[in-house]
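Given the structure is predicted, the values throughout are model-derived calculations rather than measurements. Sequence lines set the chain letters: A, B, ... in the order given, protein chains first and strands last, and positions in each chain run from 1.
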Amino acid sequence: MAKIPRNLKHYLENIVKETLKTAFNIDTEVIFEETPKPEFGDYSSNFLFRLKKELPQPIQTVGDIITLEVLKKLQHIADEVSTQTGFLNIKLSNKTLHNILLEINNNPDEYGKTNVGNGKYINLEFVSANPTGPLNIVSARAASIGDSLKRIMNYAGYKAESEFYSNNAGQQVKHLVDSVKWWIKKLQGINEVFPPDGYRGEYLKDIAKMVIEKGIEEEKLPKFITDTILNEQLETLKAFDVHYDHVTGEDFIRESKFPGLVLRVLKDEKFLFFEDGATFFRSTDFGDTEPRVIIRRDGTGTYFFYDLAYHLYKLHRGYDELIDILGPDHHGYIKRMEAGLSALGYPGKLKIIIAQQVSLLKNGEKIKMSKRRGEYYTLRELLREVKKDAARFFFLMRTRDAHLDFDIDLAKKIGKENPVYYVQYMHARSNSLLKHGREHSIIPKCNNLRLLRLPEERLLMRRLMYFPDTVERAAQRMEPHEIPRYLIKLADIFHNYYQKNRIIDPKKPELSGARLYLVLAVKNVVKKALYLIGVNAPEEM
RNA sequence: GCGCCCGUAGCUCAACAGGAUAGAGCAGUGGAUUUCUAAUCCACUGGUUGGGGGUUCAAGUCCCUCCGGGCGCGCCA
């Protein structure tokens with residue numbers, strides 16, 4: 001039995017690349033992808049089109065030669081190699097697909113792992129909220145994306161860590177403290193005018209009560225309040241299965257050497273100028289639209305200034321790349337931040353990605369949210385309405401760039417319309433089949449996999465084969481939504497297969513054993529895929 | 001006014017360095033179950049990819065322009 005290469009897709013790519021080199025002395029990158037239709041085979045590449053101008057002979061002639069050569073080299077794993085209208089298509093043998101099942105079931109925790117990350121050390125910062133109130137829905141989306149990305153990238157060979165930055169310093173903290181003080185007085189029967197820049201919101205009343213009960217001293221108020229809210233935010237995220245490797249406070253950054261370091265480097269490199277008593281950073285040297293203030297006329301640093309210091313701090317910790325996931329209202333911030341890090345000597349080290357906005361739908365209507373009035377839907381509230389699994393899945397169903405309509409009623413539904421149930425049910429059904437098999441003394445067996453010859457079985461195995469490619473794509477594009485989409489496709493095929501065919505038939509023990517082996521592979525892959533997006537794989541539903 | 005994102009079927013969305021007949025789900029219509037979970041499956045209907053122009057063997061994808069929706073443009077964070 002020929003052993004299949006660890007990464008089939010890359011293996012095919014290398015074979016063709018080598019063939020091109022030896023046969024035509026053309027050195028080029030070859031990329032295979034899933035064929036749009038099974039009739040075209042399993043993998044296809046359009047390199048012939050791309051090379052058209054460089055080819056020494058007509059495209060079909062070259063295609064024929066390559067086809068022949070590649071087929072020779074792939075005899076042990078492929079049935080057909082052909083060129084059709086310029087595409088090179090490869091159809092793998094059933095044997096190869098069977099071997100993939102073996103690979104999955106022999107080592108479920110390794111299947112799909114790739115090394116595209118090459119050990120690159122990544123810091124993923126997401127959510128990073130002000131400690132002035134509960135987390136909202138956009139934060140929830142960023143949390144889904146960020147935490148899933150961390151899981152996916154680590155599976156793809158990166159070394160990714162997650163980080164939460166708390167803006168627990170500056171003017172806003174003062175306003176926050178004033179707001180709590182107002183509540184304290186009110187609770188003590190003293191009515192005052194609410195501070196003009198204060199934070200509305202009943203949750204501050206609870207904090208005021210705690211302050212009174214615990215007898216917190218005045219000078220310790222800022223820290224007590226920001227820590228309390230930060231803790232609440234982190235607890236909510238834990239309920240969402242988001243756990244951080246690092247939590248950093250702005251207060252810590254302000255006390256550190258990094259603000260001074262930023263100032264010194266920018267000054268030495270002559271990226272600073274003074275105007276109206278303030279210090280400006282010439283971010284325009286790096287493509288920003290206007291210079292940015294870093295030290296105000298009154299001598300205090302801007303948020304941007306401390307954020308630069310914070311990013312410098314992260315870089316000093318040794319990361320190869322920083323990734324920030326920000327809300328849609330921050331895209332104007334990207335240019336200046338990138339400019340800042342370039343000026344500090346780290347061009348290209350920061351990648352900022354934007355998680356677009358979220359609208360919540362209930363009873364077919366959008367829930368109105370107004371930040372100004374302090375009316376917004378919190379992650380806590382959402383988690384009271386829908387399950388964590390549904391929420392995480394829904395937040396990942398769209399590309400990051402697209403606005404997301406989150407239909408709360410749909411997320412609560414049980415049934416096919418709700419993709420998260422559809423997908424989780426695939427896992428529960430697999431488990432149920434395995435259980436049912438045991439009751440009839442039929443267990444998954446791999447010695448007769450050639451009995452798996454239905455078209456549906458081939459489609460299913462083929463889909464399992466694409467899992468490593470999916471993980472790799474998700475990691476490289478930083479698009480976790482590849483995973484939910486993959487799962488939905490797999491579920492379509494699986495449920496269809498189940499519906500049409502009897503998996504367990506005590507009269508056909510060999511066939512049943514082979515089919516259960518396939519079911520087991522599905523279960524293993526589904527479980528892993530769900531883990532990568534932080535969704536549970538239930539044994540029963 | 002400038003910048004970023006979006007515009008694809010009635011609705012919500014896919015479409016992987018530009019590639020094969022633009023695909024799914026929901027909704028609608030019609031069907032399937034002596035069952036291993038019907039919490040399911042099958043079939044049909046549904047498209048000028050916002051409009052126009054350009055580049056290319058090939059454009060939903062790239063360029064220009066116009067229209068529409070969202071967000072941002074502080075010595076706020």
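A salt bridge links A:R254 with A:E250: the distance from a Lys NZ or Arg NE/NH1/NH2 to an Asp or Glu carboxylate oxygen falls below 4.0 Å.
In terms of the ring-ring contact (aromatic ring centres under 6.0 Å, His included) criterion, A:F47 has no residue partners (sequence neighbours excluded). Partners of A:D42 according to the salt bridge (Lys or Arg N to Asp or Glu O under 4.0 Å) rule, which considers only residues two or more places apart in sequence or in another chain, are A:R458, A:R462. A:D285 pairs by the salt bridge (Lys or Arg N to Asp or Glu O under 4.0 Å) definition with A:R282, not counting sequence neighbours. With sequence neighbours left out, A:K508 forms a salt bridge (Lys or Arg N to Asp or Glu O under 4.0 Å) with no residue at all. Partners of A:T378 by side chain to side chain donor-acceptor pair (under 3.5 Å), not counting sequence neighbours, listed by chain and number: A:E381. In this view, A:Y497 and A:E457, A:R515 satisfy the side chain to side chain donor-acceptor pair (under 3.5 Å) rule, not counting sequence neighbours. A:K413 meets the salt bridge (Lys or Arg N to Asp or Glu O under 4.0 Å) test with A:E417; sequence neighbours excluded. In this view, A:E510 and A:K445, A:N447, A:N448, A:L451 satisfy the side-chain contact (heavy atoms from CB on, under 4.5 Å) rule, not counting sequence neighbours.
Contact annotation: A:R50 side-chain N/O to B:rG18 OP1/OP2 distance is under 4.0 Å.
For A:R473 and B:rC16, a side-chain-to-base donor-acceptor distance below 3.5 Å is present, hydrogens and geometry of angles not being considered. Below the 3.5 angstrom threshold, one finds a donor paired with an acceptor across the side chain of A:N89 and the base of B:rA20.
Spacing of P atoms, B:rG47 relative to B:rC62, comes out at 25 Å, to the nearest Å. The separation of B:rC13 from B:rA17, taken at their C1' atoms, amounts to 24 Å, rounded to a whole angstrom. The separation of B:rC44 from B:rC26, taken at their P atoms, amounts to 15 Å, rounded to a whole angstrom. Here the separation of B:rC73 from B:rG54, taken at their P atoms, is 39 Å to the nearest Å.
Interatomic distance, CZ of A:F406 versus NZ of A:K362, reported as 11.5 Å (0.5 Å rounding).
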So if I define the base as every atom that isn't primed, P, OP1 or OP2, how would nucleotides 38-43 of chain B read as a B/S/- string at a heavy-atom cutoff under 4.0 Å?
SBBSS-
In B/S/- notation (B base, S sugar-phosphate only, - none; protein heavy atoms under 4.0 Å), nucleotides 72-77 of chain B written 5' to 3' is SS-BSB
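Remark: nothing in residues 511-524 of chain A comes within less than 4.0 Å of RNA chain B through any heavy atom.
The aromatic rings of A:H330 and A:Y333 sit perpendicular, their planes meeting at an angle over 60°, well past the 30° parallel limit. Taking the six-membered ring for Trp and thresholds of 30 and 60 degrees, A:F281 and A:F271 have ring planes more than 60 degrees apart, a perpendicular arrangement.
A stem is defined here as three or more consecutive Watson-Crick or G-U pairs, each with both distances under 3.5 Å; for RNA chain B these stems are B:1-7 with B:67-73, B:10-13 with B:23-26, B:28-32 with B:40-44, B:50-54 with B:62-66.
Nearest to the side-chain atoms of A:T35 among the listed nucleotides B:rA14, B:rC16, B:rA20 stands B:rA20. Considering only the side chain of A:H436, B:rC36 comes nearest among B:rA14, B:rC36, B:rC5.
The cationic atom of A:R463 (NZ for Lys, CZ for Arg) does not lie both less than 6.0 Å from the six-membered ring centre of A:F494 and within 45° of the ring axis.
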